[in-house]
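Here is the structure we will look at.
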Amino acid sequence: MFEQASRAVVGNLTPDEIANMPVEELLDMMLQHGNNRLKNVPEMARVIKQAARNSYRLNPKMRDAVDVTLAMSLETIRFFETQQKKIDQVIAKELKAIPQTLDTVPGIGPVYSAGIVAEIGDISRFKNHNALAKFAGLTWRQHQSSKFTAKDIPLTRSGNYYLRYYLIETANSVRVREPEYTAFYRKKFTEARHHHHKRALVLTASKLVRMVFTLLSEGQIYRQRRLG
């Protein structure tokens with residue numbers, strides 16, 4: 001709700017103003033502040049106007065206090081976003097001095113690359129991608145049934161928590177942009193018995209470990225695979 005277009009609407013208009021505003025004006029306002037990134041804006045505008053019409057009206061004595069609180073919340077968000085951009089710039093600058101090619105993968109930017117590299121350290125410490133996956137805690141407990149194939153059991157509770165976090169977050173970003181990982185995620189999502197997204201994402205992160213190991217070990221630039 002706190003994207004730029006939402007802030008413009010929430011921060012500048014009351015529910016009554018939104019409800020009474022011609023939909024064309026609301027559309028123009030959202031488009032103006034949405035940086036051409038919004039999808040299906042007419043439907044969004046319709047939903048917003050409906051929500052405004054159905055919203056609870058505050059007692060006039062409370063309105064000023066609520067407006068101040070909302071304004072302060074928006075200012076706090078803007079401040080932290082500014083700080084985050086500064087930190088991201090520093091991370092990107094420092095990363096240039098480190099030999100790595102992870103940021104050639106669509107969806108892996110400087111922050112994820114730096115986090116992964118920082119937690120792995122020297123990649124030569126690991127014999128293969130399986131050793132790296134174990135270090136990250138992206139391995140599963142042994143299951144007695146030889147027929148079990150969906151890995152529908154908990155992860156091991158050992159491993160580097162921060163590296164596991166970075167790999168899972170990176171996998172979630174890559175699977176949106178890379179067809180190979182999109183297809184893999186969808187397949188595992190369908191196979192999972194419970195917690196479909198969570199399990200599919202963790203399995204996608206496990207697959208990602210192989211690529212990370214190869215890129216860091218061999219210094220290769222990522223090349224997208226063609227799906228048959």
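Since the model is a prediction, treat every value here as computed from it, not as a measurement. For reference, positions follow the sequence shown, starting with 1.
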Rounded distance (nearest 0.5 Å) linking atom CD of E119 with atom CG of L132: 11.5 Å
Same cluster (ILVMFWY, side-chain, under 4.5 Å), F184 and I168: yes
Main-chain N/O of A52 paired to S55 side chain as donor or acceptor, under 3.5 Å: yes
Inter-residue atom distance N130.CG - S206.OG, 0.5 Å rounding: 8.0 Å
I18 side, atom CD1; D16 side, atom CG - distance, nearest 0.5 Å: 9.5 Å
Heavy-atom pair with the smallest gap, counting every atom of I91 and P110: CG2-O, 3.8 Å
T104 side-chain N/O to Y222 backbone N/O, donor-acceptor pair under 3.5 Å: yes
Heavy-atom pair with the smallest gap, counting every atom of P106 and R177: C-CD, 3.9 Å
Closest approach of L102 to Q100 (non-hydrogen atoms, all atoms of both residues): N-OE1, 2.7 Å
Which atom of A19 lies closest to which atom of K49, heavy atoms considered: O-NZ, 3.0 Å
Verify same cluster id: V111, V174 (apolar side-chain graph, 4.5 Å): no
Separation of L216 CG from T101 OG1 (nearest 0.5 Å): 6.5 Å
Parallel, tilted or perpendicular: rings of Y112 and Y166 (30°, 60°): perpendicular
Ring geometry between Y165 and Y161 (parallel below 30°, tilted from 30 to 60°, perpendicular above 60°): parallel
Heavy-atom check, side chain of Q220 versus side chain of T214, under 4.5 Å: yes
Test item: V212 and I120 side chains (from C-beta on) under 4.5 Å apart, heavy atoms: yes
Of R210, K187, K207, R223, the residue whose pairing with E180 passes salt bridge (Lys or Arg N to Asp or Glu O under 4.0 Å): K207
Transitive ILVMFWY side-chain link L167 to I98, under 4.5 Å: yes
Heavy-atom neighbours of H197 NE2 exceed 12 at 6.0 Å: yes
Verdict with supporting geometry, V90 and K93, side chain to side chain contact (heavy atoms under 4.5 Å, CB included): CA-CA 5 Å; V90 173; K93 181 180 178 181; 5.7 Å; no
Gap separating the CD atom of Q84 from the CZ atom of F79, nearest 0.5 angstrom: 12.0 Å
Heavy-atom pair of closest approach, residues F135 and L163: CD2-CD2, 3.6 Å
Charged N-O contact under 4.0 Å between K188 and E191: yes
Stepwise salt bridge (Lys or Arg N to Asp or Glu O under 4.0 Å) check, R78 with E81: CA-CA 5 Å; R78 293 190 187 102; E81 285 180 340; over 6 Å; no
Close side-chain approach of L138 and R164, heavy atoms under 4.5 Å: yes
Heavy-atom donor-acceptor pair, H129 side chain to V209 backbone, under 3.5 Å: no
S113 versus I108, closest heavy-atom pair with distance: OG-CG2, 3.2 Å
Heavy-atom side-chain proximity of L215 to V105 below 4.5 angstrom: yes
T182 side chain near V176 side chain, heavy-atom distance below 4.5 Å: no
N128 side, atom CG; F213 side, atom CZ - distance, nearest 0.5 Å: 6.0 Å
